[in-house]
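Notes for the one structure printed next.
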Amino acid sequence: MSIFQKWLDLTDQEFTQEEYNKFWQDYFLKEQKNYETIIETKNTALKGTVTDLAASFEMTTTEFAGFLDGISTSLESEMDLESLEESSEVDAVIVWDKLYYNMLNAKADWLYNIPAWDDILTVEERKAIKKAYNKDNIVVNEEKIGRNEPCPCGSGKKYKKCCLNK
């Protein structure tokens with residue numbers, strides 16, 4: 001079984017609400033520490049075996065598989081997580097603007113508000129990414145049919161006298 005599958009099994013197991021909260025709280029603290037380290041050192045490269053990288057980030061290999069799942073869409077090329085084993089070599093490059101965008105998308109304010117972002121992306125760059133994120137997440141409704149326009153059902157009546165009245 002791949003370590004990614006172990007991660008999925010771990011996150012899918014039955015928890016009490018208290019256990020669930022504790023599990024994710026512990027994981028998110030480790031994840032935040034990882035991102036702080038990566039951002040503060042401006043290290044865009046994740047290179048080494050899964051076991052070595054997990055140890056360097058003070059995580060189990062299973063937890064590190066979860067971390068890789070979260071960061072995978074922020075890499076130059078996404079990883080094949082299903083094939084990851086403890087001895088697998090990781091050679092990935094982080095793209096800062098993708099990472100920031102994905103943190104916004106995950107609503108992970110504890111990550112996109114890390115002070116070290118100031119040394120990587122300017123305030124203007126972060127605002128532009130936030131603007132792109134907001135634009136991508138705006139719901140655009142189709143044009144509304146006016147009351148006095150012909151009904152789209154094809155009856156020939158005005159919309160207010162036909163389908164709007166139903």
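Each residue takes its place number in the sequence, starting with 1.
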Requested in this report: Indicate the atoms forming the closest heavy-atom contact of M103 with W117, along with that distance.
Outcome: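 Answer, listing the atom of M103 first, then W117: SD-CZ2, 3.7 Å.
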
Query - Evaluation steps, side-chain hydrogen bond (donor to acceptor under 3.5 Å, both in side chains), between S83 and D80 - result: CA-CA 6 Å; S83 66; D80 178 16; 3.0 Å; yes

Query raised in the report: In terms of ring plane angle, is the pair Y35 and F67 parallel, tilted or perpendicular, where the classes change at 30° and 60°?
Result: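 Because their plane-to-plane angle lies in the 30° to 60° range, the rings of Y35 and F67 count as tilted.
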
Query raised in the report: Using 30° and 60° as the class limits, which term best fits the ring planes of F23 and Y27: parallel, tilted or perpendicular?
Result: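 Rings of F23 and Y27: parallel, as their planes differ by under 30°.
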
**Report entry** Worked check of side-chain hydrogen bond (donor to acceptor under 3.5 Å, both in side chains) between D52 and T49
**Finding:** CA-CA 5 Å; D52 293 341; T49 65; 3.1 Å; yes

Query - Worked verdict on T61 versus E86 for side-chain hydrogen bond (donor to acceptor under 3.5 Å, both in side chains) - result: CA-CA 7 Å; T61 54; E86 292 181 350; 3.0 Å; yes

Requested in this report: Any chance you could lay out the side-chain hydrogen bond (donor to acceptor under 3.5 Å, both in side chains) test for D9 and Q13, step after step, and finish with the verdict?
Outcome: CA-CA 6 Å; D9 291 347; Q13 73 182 3; over 6 Å; no

Query - Same apolar cluster: I71 and V95, side chain cutoff 4.5 Å - result: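 Shared cluster, no.
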
Query raised in the report: Is R147 reaching over with its side chain to a backbone N or O of K160, donor-acceptor style, under 3.5 angstrom?
Result: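 Side chain of R147 to backbone of K160: no pair is present.
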
Query raised in the report: Strictly under 6.0 Å, is that where the ring centroids of F28 and W110 end up?
Result: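 Ring centroids of F28 and W110 are less than 6.0 Å from each other.
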
Query - Greater than 12 external heavy atoms within 6.0 Å of K22's NZ - result: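 Not buried by this count: 12 neighbours or fewer within 6.0 Å.
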
Requested in this report: Would you indicate whether Y20, at its atom OH, is surrounded by more than 12 heavy atoms from other residues, nucleotides or ligands within a distance under 6.0 Å?
Outcome: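 12 or below, so no.
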
